[in-house]
Amino acid sequence: MENLLFDIPLSKEDNLLRRFEEIHDYIYANDGLSPQQALEEFVKILFAKIFDENNNLNLFSQKHIAKLFERTKQNFIEIFELDEKIKLSENSINFIVSKLQKISLVDSSQDAKGLAFQKFISHHEKGRQGQFFTPEPVIDFCVEMMQPKINEKLIDPACGSGGFLMSAIKYLQKNNQNTDIQTIISESIFGLDINKSILRIAKMKLLLEANVKMNVSCANSLENFENLNDTFDLILANPPFGAKIASPGFLSKFDLGYKWAKYEKEFCKTRALQTTQNTEIMFIERCLKLLKEGGRMAIVLPNGTFENPSLEYLRFYIKRKSKLLAIVKLPQETFIPYGTGVKTSILFLEKTTQHIEGQCRVFFGKVTKLGYQGNKNGTPVYKKDKYGQILKTGGQQVLDEDFSEIVNQYKLFQQKEKLTQKNSFAINYNELSVRFDFDFYSPENKVFVKTMKNGKIIKLGELCEIVKLKSPKLKNTNQIVEYVELSDINTHSFEIINSTTYCVHELPSRASYEIKEGDIITAIAGNSVGTKKHATAFVSKEYEGCICTNGFRILRNFKIEPYYLLFYLRTEAFLKQMFMYRTGAAIPNVSDADLANIEIYVPFNGEKEIINDQIKKAFHFKRKFKNLLESITLEIN
């Protein structure tokens, strides 16, 4: 009867996957471990199983498992501590051994065991707390865009559980007949990660894929590995975001650990160290050092890297060290199934010390459909026909995604052919300015042609004063004031419709500026900036002296008809520019410099004066209507 456990053939990965799941569930249910701890203990036994098979020890049994694991640790000394033990009950060990004892993981079909473990891990990675993983569609997309070649040396310096490495291996196998996968893994595939526990998963994936020596090591990639610099043809990476490095000794080893000063249009490194620096910024420099001249890189980064004014020096540094190949924006929900809603884009570049000529072009793409929902489970989303039926190709359901569409557009771009989809475009290299983000260069946000017959373009900062001085009223903590917030604006009628009474010491910290009759206030912060709900208002006498939030900027001292400008601030031309200039991951905002650079169309033919008079009359009629309403009374006995 015992043999019935092993009657299931292992030619298909789902049968082995079923066993892996049964083992994990048994440990989780019976040993009081978390899903993460259960996974770690299972992986220890898998290492012992493979070590036993490779060395023909025949020690994989309930009786000898502890002794076998001691020998396994000696063989994998770089990923196991010498004092580590298998932290499982005797019942769980017996269950696992009974499930795996008569299966040969070394001799089983590569596809079966590799895919089984991949599926098993992808299911359990999503449940890990505190770890940040890259979704498989993003991984495969980066590999498809970079198109690794059979003779190229590849590294992921923040490899985690090895997703990029495995995807690159699969790509090489798919696109090269008679691939010697063992040689590729042992000579060309490298990975580094600081987390030993996660690194074991990467090692196990590669062990099951090709039972050979692996160049996957536990190390801090930001440490200086001189022997690895200028070594690699390709880097695929999703470095950790958000953590700060404050050690002066550590920062001093990096160019980007220092402050940079701007002189005209260029930046120079100063002798002053940064107080802190983000880890992802340090990773960019480290990756550029690891690449050979002409080497390529795909790296996932938070959108602030591409757009924040404070990181202009970083983008200058990147342009000096490399040629940008492509920038692809991802939806905000991309990483939600993996525990974060951070907005990200992918930077593709080629390391070069040569000056880039203007005739080179940069590709931009935007992913809108991921093939999965932006919920905690990452539920797959499939394409449907007009009747709502899920589409299939070769019997397989088709994911509703546009990664593959962008890959196809990038290949057209490489062949210098015309792009055919609206989510992709290209610009000349000399058009690449201080920003790297998709929205800044998107043709949809390009409003004006500079040569116009019927009018001219003048920047907003030349047409009025942009005021952001703190009100002196805020110094008197006991004064009573009226406060105007973004939500107090009727966006359809340009009006302030409400204010709230506060004592100064009770005001929100964002309460800042004092508004006057005749001012125009317009929003520069918040999710509605640059959309149809963008808040702009004309300050009437009723709200003279109110304090407004610093989410507004005050426009005053006009050199143009104010009611025409007020009208213009709700046009699509204005809103597109505001949306283009937005930066910031949590709360989008437009900098004062960018606000001043907003282009205002000023017509020559008297149209400006006509619009100004019409808007002025509309406000006059509104005031008359309001006064009339307020004058009507009804006496009820």
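Note that the numbering runs from 1 along the sequence shown for the chain.
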Taking the six-membered ring for Trp, are Phe574 and Tyr568 parallel (under 30°), tilted (30 to 60°) or perpendicular (over 60°)? perpendicular
Side chains of Arg435 and Tyr581: is there a donor and an acceptor less than 3.5 Å apart? no
Evaluate the side chain to side chain contact (heavy atoms under 4.5 Å, CB included) criterion for residues Leu325 and Phe363: first the C-alpha distance (whole Å), next the side-chain angles of each, then the deciding distance (0.1 Å), finally the verdict. CA-CA 6 Å; Leu325 302 175; Phe363 175 90; over 6 Å; no
More than 12 heavy atoms of other residues, nucleotides or ligands under 6.0 Å from NZ of Lys321: yes or no? no
Is any NZ, NE, NH1 or NH2 atom of the basic residue among Arg320 and Glu266 found under 4.0 Å from an Asp or Glu carboxylate oxygen of the other? yes
Could you check whether Lys622 makes a cation-pi contact with Phe619, meaning its NZ or CZ is under 6.0 Å from the centre of the six-membered ring and within 45° of the ring axis? yes
Should Leu399 and Tyr372 be marked as a side chain to side chain contact (heavy atoms under 4.5 Å, CB included) after you check the CA-CA gap, both sets of side-chain angles, and the distance that decides it? CA-CA 8 Å; Leu399 288 173; Tyr372 60 86; over 6 Å; no
With no hydrogens and no angle check, do the side chains of Gln277 and Glu285 hold a donor and an acceptor under 3.5 Å apart? no
Arg361 to Phe413 six-membered ring, cation-pi geometry met (6.0 Å, 45°): no
Can Ile299 and Ile235 be said to form a side chain to side chain contact (heavy atoms under 4.5 Å, CB included), step by step? CA-CA 8 Å; Ile299 184 168; Ile235 290 177; over 6 Å; no
Could you note down all residue pairs passing side-chain hydrogen bond (donor to acceptor under 3.5 Å, both in side chains) where residues 519-534 supplies at least one of them, sequence neighbours left out? Asp519-Arg556, Thr522-His534, Thr522-Thr536
Would you verify whether the NZ or CZ of Lys269 falls within 45 degrees of the ring axis of Tyr258 while also being under 6.0 Å from that six-membered ring's centre? yes
Is it true that Asp439 and Arg582 have a side-chain N and a carboxylate O under 4.0 angstrom from each other? no
Would you say Asn557 and Glu465 are linked by a side-chain donor-acceptor pair, where the criterion is simply a distance under 3.5 Å? yes
Answer yes or no: is there a side-chain heavy-atom contact under 4.5 Å between Asp437 and Ile327? no
Are Phe579 and Pro588 close enough that some pair of their side-chain heavy atoms sits under 4.5 Å apart? no
Going through the checks in order, is the side chain to side chain contact (heavy atoms under 4.5 Å, CB included) test met by Ser322 and Leu288? CA-CA 8 Å; Ser322 67; Leu288 284 167; 4.2 Å; yes
Mind jotting down which residue pairs meet the salt bridge (charged side-chain N to carboxylate O under 4.0 Å, His left out) criterion with at least one end in residues 504-517? Sequence neighbours excluded, please. Lys473-Glu514, Glu485-Arg510
